[in-house]
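We count residues from 1, following the sequence as given.
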Amino acid sequence: MPTIEKRLLFFSFLAIALFVSPYFLLGEDAHMRVHDNLDSNIAWYKVVTRSGELFGSVHAVIPQIINGLPRNAFGTEFSGIVWLHVLFPSIYAYGLSQAITRVFAFIGMYLLLRKYVIPDEKWVWIRIGASLAFALTPFWPSGMLSTLGMPLALWALLNIRAGERSLVNYLVLTLLPFYSSLVLGFFFFLSAMGIWWLVDVIRGKGWNWRFFFAIVYMTAIYLTVDYRLVHSLLFSDEPTSRDEYFHARLPLWRVIRLIFKNYILGHTHVMTVHGLIILPVTLVALYIVWKKKLWKQEKLLVFLHVLNFALSTWYAFWFYKGWVPLTERFDLLDKFNFARYHFLRPMVIYVLFAISLKILWQQGKEWKNTCFAAIAAQLVVLTAFNEEIAHRNKPSFREFYAEKQFQEIKEHIGLPVHKYRVASIGIHPAIAQYNGFYTLDTYNNFYPLSYKHKFRQIIAKELAKNKKLREYFDEWGGRCYIFVDELGKHYMFNKNSKRTIKHLQLNTNVFREMGGRYIFSALPIENAKQNQLTLEKVFHSKESAWTIYLYKVIP
């Protein structure tokens, strides 16, 4: 390996280390995304590891959540990120997961580009620059290597497809399922690989059983690791909140708008951050190919352009209301999100970026500086998306979970936490869950449908006032929250908020019947007495983002 490549590799790993350093240097004062992270997954890991049901059966329940949330709702115990949270404090488990994911994302993309896309030594700057940029993308944290591990898996499968017998390839296929998710990426990747194998057969390239069985082998590992998901989808008879999920509601004009929104901006769970730098670079490269008629030489670039747009189109059309007859006939189309084929886009976009830079580089010396500038600019843009920068105005880990403040609440109530149930208003229930309280409200991928209907009685009058909240709860319901018409779809009111709740209408009789005794509200409720609530105490803390108004249900 040339000296320049070694130096660039060292720089890349150093850059990744610096990128993830805030979690270790700042500890609980570090910032990170709230959506689908602090408000859910991190608390889930805490709950399941503390529950004693980490290895519970497929029929086990966790009583801390909704009077008995199925253990299967928290996913498999064979996930690497779960074990990080078993072994380390939450913030360091999170930081280690970030480091592991980004290092292997870089390695995978680097190996893929070096062997199969731009192998010549003269492309070393492009190879490593594109790989580092890919590794620094703001992936969904609990997805781990579900999308960023795809280049490594593709590298291994291409090696097998080419007849290579190295055990390293099978080691990759074996270990990746323990640090990624089938439904959050690899179902779509593996089914795409299956299509590739079939196309090879149709085009007369032979059956290549080694390639086929490698795909089957990796799929089997995933199904084994995610056995709880398999059981829930195929063998559970109890209706869940997913049975009322309804996604196909967009008219055609909104579908078309969503195609281009996803194509240019991406999606919150697979943020490629490609619209500002990468997209123009790839379009310029496509223009050069068109102008110079390089179609045959650059088939891969053209194919990836088409695939990239097709994935955005597929994603958007999944929400087209024309699907309704099919979703009514086949409920799996609602239970399983087939729109996620667009999760292939991070790999597609960054391979496309590397090829495009190569084409620009070939246009002459003056274009080389453009390539260096594009790589540098993309890295700067991605640095701005570092969680410590992007979420600096949101609560830190310590401020969000406010452990000292909630310990004071626990001591004030003075009862064992399993003796009563709580719910939250104006803050996520994950905060109470993280702190060990037993909650009637929650945010989970699925839970018993009967519980959703019972809980709905508590908030029925509030939902009746607000069509958006009503549709949000009735047609999805993953957030089983105490929704308030006056607050809308806002769940975080910090201690500086001047808002008050004036017209709350809850069915506290049902709340009490379900075991509810206390409400943690981030805002004062002016008509508390009309809701059979009495203010017990207001809790303040310098280390918390919240002011908590503790309301007790009047007997």
Is it true that [Y] and [X] share a donor-acceptor pair across their side chains at a distance under 3.5 Å?
X	Y	result
Tyr222	Ser181	no
Gln433	Thr442	yes
Arg345	Thr147	no
Glu399	Ser544	no
Glu403	Gln407	no

Report the residues that fulfil salt bridge (charged side-chain N to carboxylate O under 4.0 Å, His left out) with Arg340, sequence neighbours left out, ordered by chain and then residue number.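 Scan of Arg340 (salt bridge (charged side-chain N to carboxylate O under 4.0 Å, His left out), adjacent residues dropped) gives none.
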Measure across [X] and [Y] and return the closest heavy-atom pair with its distance rounded to 0.1 Å.
X	Y	answer
Glu53	Ala60	OE1-CB, 3.5 Å
Leu440	Tyr451	O-OH, 2.5 Å
His342	Asn262	ND1-ND2, 3.9 Å

Regarding [X] and [Y], does a basic nitrogen lie under 4.0 Å from an acidic carboxylate oxygen?
X	Y	value
Glu462	Arg470	no
Glu513	Lys454	yes
Arg479	Asp441	no
Asp474	Arg456	yes

In a table with atom names and distances, give each donor-acceptor pair under 3.5 Å that connects a side chain of residues 412-424 to protein atoms at least two apart or in another chain.
{"residue": "His412", "atom": "NE2", "partner": "Glu536", "partner atom": "OE1", "Å": "3.2"}
{"residue": "Arg421", "atom": "NE", "partner": "Asn67", "partner atom": "OD1", "Å": "2.7"}
{"residue": "Arg421", "atom": "NH1", "partner": "His418", "partner atom": "O", "Å": "3.0"}

Selection residues 500-512 - residue pairs positive for side-chain hydrogen bond (donor to acceptor under 3.5 Å, both in side chains), sequence neighbours left out: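 Non-adjacent pairs meeting side-chain hydrogen bond (donor to acceptor under 3.5 Å, both in side chains): Lys465-Gln505, Thr500-Glu526, Thr508-Gln532, Asn509-Arg512.
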Return each pair, listed once, that meets side-chain hydrogen bond (donor to acceptor under 3.5 Å, both in side chains) where at least one residue sits in residues 94-103; pairs must be two or more places apart or across chains.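 Residue pairs with at least one partner in residues 94-103: Asn37-Tyr94, Tyr94-Glu387, Ser97-Tyr179, Gln98-Arg102.
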Are His267 and Tyr315, when compared by the centres of their aromatic rings, separated by less than 6.0 Å?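 Yes - the distance between ring centres of His267 and Tyr315 falls below the 6.0 Å cut-off.
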Whether over 12 other heavy atoms sit under 6.0 Å from [X] [atom1]:
X	atom1	value
Lys495	NZ	yes
Phe104	CZ	no
Lys261	NZ	no

Contacts of type ring-ring contact (aromatic ring centres under 6.0 Å, His included), residue Tyr320, not counting sequence neighbours: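 Partners of Tyr320 by the ring-ring contact (aromatic ring centres under 6.0 Å, His included) criterion, ordered by chain and then number, come out as Phe317.
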Applying ring-ring contact (aromatic ring centres under 6.0 Å, His included), name anything that partners His274, two or more places apart in sequence or on another chain.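 Here no residue qualifies.
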Is the cationic atom of Lys452 (NZ for Lys, CZ for Arg) positioned less than 6.0 Å from the six-membered ring centroid of Phe473 and within 45 degrees of its normal?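 The answer is yes, since Lys452 meets both limits relative to Phe473.
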Do Phe343 and Phe186 pass the ring-ring contact (aromatic ring centres under 6.0 Å, His included) test, and can you show the C-alpha distance, the side-chain angles, and the key distance before you say yes or no? CA-CA 9 Å; Phe343 280 18; Phe186 270 91; over 10 Å; no
Would the distance check show the side chain of Asp39 and the main-chain N or O of Asp36 forming a donor-acceptor pair, the cut-off being under 3.5 Å?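 Indeed, once roles are kept as given, a pair shorter than 3.5 Å links the two residues.
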